[in-house]
Visitor: 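Have a look at this one.
Everything numeric in this text was worked out from a predicted model, so none of it was measured. The figures here come from the full heavy-atom set of this structure, side chains too, leaving out hydrogens, waters and symmetry mates. In what follows, every chain begins at residue 1, and chains take the letters A, B, ... in the order their sequences are listed.
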Amino acid sequence: MKTQIQQLLQQTLDVLITKKILPEEGVYRIQVDRTKDKAHGDLSTNLAMMTCKAAKKPPRELAQLIIDNMPASELVIKAEIAGPGFINIFLNSNILAQQIEAALLDERLGIAKVQQVQTIVVDMSSPNLAKEMHVGHLRSSVIGDAVTRSLEFLGHKMIRQNHVGDWGTQFGMLLAYMEELRAQGKSGSSNLADLEVFYRAAKGRFDESEEFATRARNLVVELQSGNPQCLELWQEFKDISIAHCQEIYDRLGVALTTADVKGESAYNDDLKQVVDDLEACGILEQSQDAKCVFLDEFKTKTGEPLPVIIQKKDGGFLYATTDLAAMRYRQNVLKADRVLYFVDARQALHFQQVFMVAKKAKFVSQQISLEHMPFGTVMGDDGKPFKTRSGNVAKLADLLTEAQQRALALVQQKSPEKDPQEMRQIADLVGIASVKYADLSKNRTSNYVFSFDQMLKFEGNTATYMLYAYARIVSIFNKAGLDMAKLEGSVVLEHEKELELAGKLMQFDEAVNAVARLGNPHLLCSYLFELAGIFSSFYEACPLIKAESETQKQSRFKLAALTAKTLQQGLDLLGIKTLERM
RNA sequence: GCGCCCAUAGCUCAAUUGGAUAGAGCAACGCCCUUCUAAGGCGUAGGUUCCAGGUUCGAGCCCUGGUGGGCGUACCA
């Protein structure tokens, strides 16, 4: 709808240019907004105010010219001038009804695929394999997943890359500790069951013993230079850790598989080459015994240089090196047009730097779009980064379990008549959905407070509310004995609430496109929440089963059907499953 | 020191990236279940958008200067 009106306005501009009312050389951006107030019509444009300077006419006068020269269209019932020069557009509700029908018949609910398919690489989740996944990995996984699903739905070719940390100093630590245990005659593998405990024990040894620390560092060198024994042990760690991660992804419903794992170690063979190539193009400098790139853009005001360290003085490589190698791989092998990095906002400077280095060194083309999609920190009630009561970093697995347990308690309280197995099923889904939705519904870039009480609320912009809205519609269909796929008659929009619901339904594609463009799933959450709210309000005001006539009944059920499908599709894009009953 | 981000109702968050009267949900108060799932709906109240200037038809959003907080800033990622 919006894009069609935009096209209409573009045609109008062309007419005005031909009539020399507007100068030809101007660049005109056509902005069409949803109105907040019904009295302002359905859509409004500020076109007259934006172009009045170029036209050298008062905005209201120009607005009248725009209206007069607008080609006739069945979409528009009337257009009127308001305020300082807004043009308010009132849409034809018959067209709206037709669009509802069309969307209902379409698997994609009327959302078009993009004309220009891009190959988009998504760097997401990327946990450190030496530890268990914790709350910090939630956002990257969940937000990355939702944005990827949305882009995929729009027809882009998506390649997920789980850039796991599997090559750093921590692994030397683990290897050294494992060796120590084996030397003491203790079997190593049984101690791997709880990776977190193992990691903490190893870290403890690392911190308390200089001798141990040295051994750990040496083992990293051994590992990286290909010592078979080290490699074997390392592989063992990795396999266990990846299996842990996969369990979490499966529980979360995040569409990542072991095939998407492309860890830091995968770029090992190219790291030396990265250094050599930077050297060859003359931007690598020796500074304090390390090899660095200095970028003019990142000099401090006082002129102090800010380095991007590529190789440490001991010869070791850093994550900047690995990221550069990964960028080349993503462009040259994966053929990426865009690369999206769902990584903590605290790494913003790092990404600015490596993106620039990559372009300066011509590792990647100027066209490729490298985008850091930063997200804020998950906070506790105290306003500090989220920790458990004991002060440890919260393990993601435990968090999910707690959410499911709390959800179970609520289900038992709310619908005690259900059998225990169904309760469990509902609770498991609601628990996971609540955690994910709480994360997705907040603005990506800001920090947010993690609160079970908040996310498991039935009221407000929560997963439960959304799931309930869907389940309720399904239930109405069951009660009425109607099939969503077999509705007769045509949609007629009469009641104010019917019009409102229909209008909202047709905004689904704007929401999905906004998520894809900006990488902000909360825009889709807000949309679905508003949709569910409007539906509830419609449901209250417009009887479905007890409609006045059969035609009205069919029409209203069609609206309900499209609402259910939209909720389901929307939640699916967010990576959240729906329930038929709750 | 320098850089980046943030500050919106008592609380948790929005505001279509410069649009019209700043919106939701909690919490508070008042209604609506013998009638389609009340995990719902309707309504009331709640604001100097941290402060001070500036840009323009129009600023929560952009610019300048403050205040308060978070983060980053040479060999972790």
Side-chain angles (χ1 to χ4, degrees), chain A residues 2 31-37 39-40 44-46 49 52 58-59 82-86 88 126 128 165 168-170 264 287-292 298-302 304-314 316-320 322-323 343-350 352 374 376-377 379 383-385 410-411 414-415 430 438 441-443 445-449 451 453-454 457-462 464-465 467-469 471-480 507 510-511 514 518 522-523 525-527 529-530 532-533 536-537 539-541 543-547 560 581-582:
Chain A
K2 209 161 155 178
Q31 193 185 336
V32 176
D33 293 326
R34 291 271 158 214
T35 53
K36 286 172 192 161
D37 188 343
H40 296 147
S44 82
T45 180
N46 56 14
M49 291 178 287
C52 65
F86 288 105
N88 292 333
S126 309
N128 180 348
T169 355
Q170 334 86 331
E264 295 178 328
S287 172
Q288 298 178 24
D289 296 327
K291 289 182 177 166
C292 311
F298 293 100
K299 265 185 185 146
T300 62
K301 261 185 189 163
T302 48
E304 281 176 63
L306 208 62
V308 183
I309 302 174
I310 305 295
Q311 189 170 20
K312 299 195 279 186
K313 60 184 166 197
D314 68 2
F317 303 106
L318 292 116
Y319 72 141
T322 318
D323 273 331
V343 181
D344 196 297
R346 284 170 285 195
Q347 291 191 31
L349 178 61
H350 163 73
Q352 280 181 43
T377 313
M379 311 294 246
K384 289 177 185 160
L410 292 169
V411 175
K414 217 72 199 177
S415 18
V430 168
S441 60
K442 269 112 199 165
N443 192 326
T445 50
S446 49
N447 299 344
Y448 80 94
V449 176
S451 155
D453 291 334
Q454 202 78 30
K457 282 251 165 65
F458 302 137
E459 307 87 5
N461 194 2
T462 61
T464 18
Y465 177 88
L467 291 171
Y468 173 74
R472 184 159 66 165
I473 299 175
V474 172
S475 165
I476 299 166
F477 270 88
N478 290 338
K479 187 113 181 183
Q507 290 168 35
E510 285 170 35
L518 304 166
H522 86 277
L523 296 170
C525 294
S526 307
Y527 169 77
F529 176 59
E530 284 161 20
S536 281
S537 180
Y539 168 82
E540 207 76 20
L544 276 82
I545 293 176
K546 291 164 192 163
R581 260 161 61 91
M582 67 184 280

Visitor: Between A:S537 and B:C42, is there a contact of a side-chain N or O with OP1 or OP2 at under 4.0 Å?
Guide: yes

Visitor: What integer number of Å spans the P atoms of B:C75 and B:U56?
Guide: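 To the nearest whole Å, 47 Å.
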
Visitor: Taking OP1 and OP2 of B:A39, is either one under 4.0 Å from a side-chain nitrogen or oxygen of A:K414?
Guide: yes

Visitor: Under 4.0 Å between any heavy atoms, over every strand shown, what does A:F86 touch: base, sugar-phosphate, or nothing? Just pick one.
Guide: base

Visitor: Applying ring pair (Phe, Tyr, Trp, His ring centres under 6.0 Å), name anything that partners A:F529, two or more places apart in sequence or on another chain.
Guide: A:Y465

Visitor: Strictly below 4.0 Å: does A:Y448 bring a side-chain N or O up to OP1 or OP2 of B:C6?
Guide: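 Answer no for this pair, as no side-chain N or O of A:Y448 is under 4.0 Å from OP1 or OP2.
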
Visitor: My understanding is that only residues two or more places apart in sequence, or in another chain, count here; which of them pass salt bridge (Lys or Arg N to Asp or Glu O under 4.0 Å) with A:E530?
Guide: A:K504

Visitor: Using a heavy-atom cut-off of 4.0 Å across all strands, would you classify A:N88 as base, sugar-phosphate, or nothing?
Guide: base

Visitor: Please name the pair of heavy atoms, one in A:Q31 and one in A:N46, separated by the smallest distance, quoted to 0.1 Å.
Guide: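 Heavy-atom minimum between the residues: OE1-ND2, 3.3 Å.
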
Visitor: Report yes or no: is the ring centroid of A:Y539 under 5.5 Å from the six-membered base ring centroid of B:C36, with the two planes under 30 degrees?
Guide: yes

Visitor: Please name the nucleotide paired to B:U56 by Watson-Crick or G-U wobble geometry with both distances under 3.5 Å, or report none.
Guide: none

Visitor: Taking syn as a glycosidic torsion within 90° of 0 and anything else as anti, which one is B:U8?
Guide: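 Here the answer is anti: the torsion falls beyond 90° from 0.
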
Visitor: Could you list the residues that satisfy side-chain contact (heavy atoms from CB on, under 4.5 Å) with A:P84, not counting sequence neighbours?
Guide: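 Checked A:P84 against side-chain contact (heavy atoms from CB on, under 4.5 Å); matches are A:M49, A:F86.
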
Visitor: Within 90° of 0 counts as syn, otherwise anti: where does B:C36 fall?
Guide: anti

Visitor: Take nucleotides 69-77 of chain B nucleotide by nucleotide from the 5' end and write B, S or -, depending on whether a protein heavy atom sits under 4.0 Å from the base, only from the sugar-phosphate, or from neither.
Guide: --SSSBBSB

Visitor: A:C292: which residues meet the side-chain contact (heavy atoms from CB on, under 4.5 Å) condition with it, sequence neighbours left out?
Guide: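 In terms of side-chain contact (heavy atoms from CB on, under 4.5 Å), with neighbours along the sequence ignored, A:C292 is linked to A:S287, A:A290, A:F294, A:P307, A:I309.
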
Visitor: Please name all residues satisfying side-chain contact (heavy atoms from CB on, under 4.5 Å) with A:H40, sequence neighbours left out, ordered by chain then number.
Guide: A:T35, A:D37, A:N88

Visitor: Tell me, please, which residues at least two apart from A:D453 pass salt bridge (Lys or Arg N to Asp or Glu O under 4.0 Å).
Guide: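 So A:D453 forms a salt bridge (Lys or Arg N to Asp or Glu O under 4.0 Å) with A:R406.
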
Visitor: Nearest of B:C57, B:A14, B:G40 to any side-chain atom of A:F458?
Guide: B:G40

Visitor: Could you tell me which nucleotide pairs with B:U73 by Watson-Crick or G-U wobble geometry, both distances under 3.5 Å, or answer none if nothing does?
Guide: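 The base-pairing partner of B:U73, which may sit in any strand shown, is B:G1.
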
Visitor: So, taking the atom named CG in A:L318 and the one named CD1 in A:I310, what distance separates them when rounded to the nearest 0.5 Å?
Guide: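 These two atoms lie 8.5 Å from each other.
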
Visitor: Set out, line by line, the N/O atom pairs under 3.5 Å between protein and nucleotides 61-63 of chain B.
Guide:
none

Visitor: Quick one: salt bridge (Lys or Arg N to Asp or Glu O under 4.0 Å) partners of A:K2, sequence neighbours excluded?
Guide: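 Testing A:K2 for salt bridge (Lys or Arg N to Asp or Glu O under 4.0 Å), a comparison that skips the adjacent residues, returns A:E510.
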
Visitor: Nearest-nucleotide wise, let me know which of A:I476 and A:H40 is further upstream toward the 5' end of RNA chain B.
Guide: A:H40

Visitor: Under a 3.5 Å cut-off for both contacts, is B:G65 paired Watson-Crick or G-U wobble with anything, and if yes, with which nucleotide?
Guide: B:C51

Visitor: Considering every strand shown, what is the Watson-Crick or G-U wobble mate of B:A9 when both distances are under 3.5 Å?
Guide: none

Visitor: Find every protein N or O atom lying less than 3.5 Å from an N or O atom of nucleotides 24-34 of chain B, and list the pairs.
Guide:
residue	atom	partner	partner atom	Å
B:C26	O2'	A:K457	NZ	3.2

Visitor: Is there a side-chain contact between A:T462 and the phosphate of B:U12, meaning an N or O under 4.0 Å from OP1 or OP2?
Guide: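 It does not, given that no N or O in the side chain of A:T462 lies less than 4.0 Å from OP1 or OP2 of B:U12.
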
Visitor: Indicate whether the side chain of A:R472 and that of A:S536 have a donor and an acceptor atom separated by less than 3.5 Å.
Guide: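 Result is yes, a qualifying pair exists.
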
Visitor: Write out a two-atom table: protein N or O, nucleotide N or O from nucleotides 15-18 of chain B, distance below 3.5 Å.
Guide:
residue	atom	partner	partner atom	Å
B:A15	OP1	A:H522	NE2	3.1
B:U16	O4	A:R34	O	3.4

Visitor: What does B:U44 pair with, Watson-Crick or G-U, if both distances are under 3.5 Å?
Guide: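 Per the H-bond distance test, B:A28.
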
Visitor: For A:L518, give me all partners under side-chain contact (heavy atoms from CB on, under 4.5 Å), at least two apart in sequence or on another chain.
Guide: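 Residues passing side-chain contact (heavy atoms from CB on, under 4.5 Å) with A:L518: A:N520, A:L523.
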
